[in-house]
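Note that this is a predicted model, so its numbers are computed, not measured. We number each residue from 1, following the sequence as shown.
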Amino acid sequence: MRTDSKGYTKKTYPSSESDCKNCPLREQCCGKVSKFKKLDESIHKPLYDKMHKKLTEHKSYHRRLVKRRSSTVEPVLGTLMNHQNMKRINNRGLAQANKHVLMAAVCYNLKK
């Protein structure tokens with residue numbers, strides 16, 4: 001397990017150089033420079049798979065979630081994008097971008 005640059009914990013599965021060396025698909029899979037393939041997977045993948053299975057098997061549950069999201073989250077995002085200049089963030093750095101989003105959210109809440 002390792003932590004990536006954004007702070008997410010991931011499992012890494014590297015392939016063997018000897019396995020990839022004579023593979024006819026090596027260049028498509030690994031690229032021209034790399035000698036092996038490395039797959040990163042979130043530690044929460046079993047939960048993602050469980051939710052995906054639940055959404056695909058129970059269509060009524062999926063429709064209910066989509067309806068709830070479209071009535072709660074989507075209008076807020078639409079208002080922020082159209083009226084709070086959130087289509088593009090012109091600040092440099094993550095801290096400045098976070099500040100921009102936070103101020104837009106504060107303005108939205110004050111107006112509401």
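In this structure, CZ in Arg64 is found 7.5 Å from CZ in Arg68, a value given to the nearest 0.5 Å. Here NZ of Lys11 is found 9.5 Å from OG of Ser42. Values are rounded to the nearest 0.5 Å. Between the CG atom in Leu47 and the NE2 atom in His52 there is a gap of 14.5 Å [rounded to 0.5 Å]. To the nearest 0.5 Å, the span separating SG on Cys30 from CZ on Phe36 amounts to 8.5 Å. Here the straight-line distance linking atom OH of Tyr8 with atom CD1 of Ile43 works out to 12.0 Å at 0.5 Å rounding. Annotation: the span from Ser15 atom OG to Lys38 atom NZ amounts to 11.0 Å, rounded to 0.5 Å.
Side-chain atoms of Thr9 and Arg2, non-hydrogen and from C-beta on, never get closer than 4.5 Å to each other. A heavy-atom distance below 4.5 Å is found between the side chains of Val101 and Met86.
The number of heavy-atom neighbours closer than 6.0 Å to CE of Met103, taken from other residues, nucleotides and ligands shown, is 12 or below.
Looking at Asp49 and Lys45, a side-chain N of the basic residue comes within less than 4.0 Å of a carboxylate O on the acidic one, giving a salt bridge. Under 4.0 Å is where a charged nitrogen must lie from a carboxylate oxygen, and between Lys10 and Asp4 at least one such pair does.
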task = Give the intermediate values and the outcome of side chain to side chain contact (heavy atoms under 4.5 Å, CB included) for residues Met51 and Leu65.
result = CA-CA 12 Å; Met51 188 63 181; Leu65 282 182; 3.7 Å; yes
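Cation-pi geometry between Lys54 and Tyr61 is met: the NZ or CZ atom falls under 6.0 Å from the ring centre, inside 45° of the normal.
A side-chain donor-acceptor contact under 3.5 Å links Thr56 to the backbone of Lys53.
Minimum heavy-atom separation, Gln96 to Asn91: O-ND2, 3.2 Å. Between Lys32 and Arg26, the closest heavy-atom pair is O-NH2, 4.1 Å. Between Asp19 and Cys23, the shortest heavy-atom contact is O-CB, 4.1 Å.
Screening residues 73-96 for salt bridge (charged side-chain N to carboxylate O under 4.0 Å, His left out) gives Arg69-Glu74 as the qualifying pairs, with residues at least two apart or on separate chains.
The same ILVMFWY cluster, assembled from side-chain heavy atoms under 4.5 Å apart, contains both Ile89 and Tyr108.
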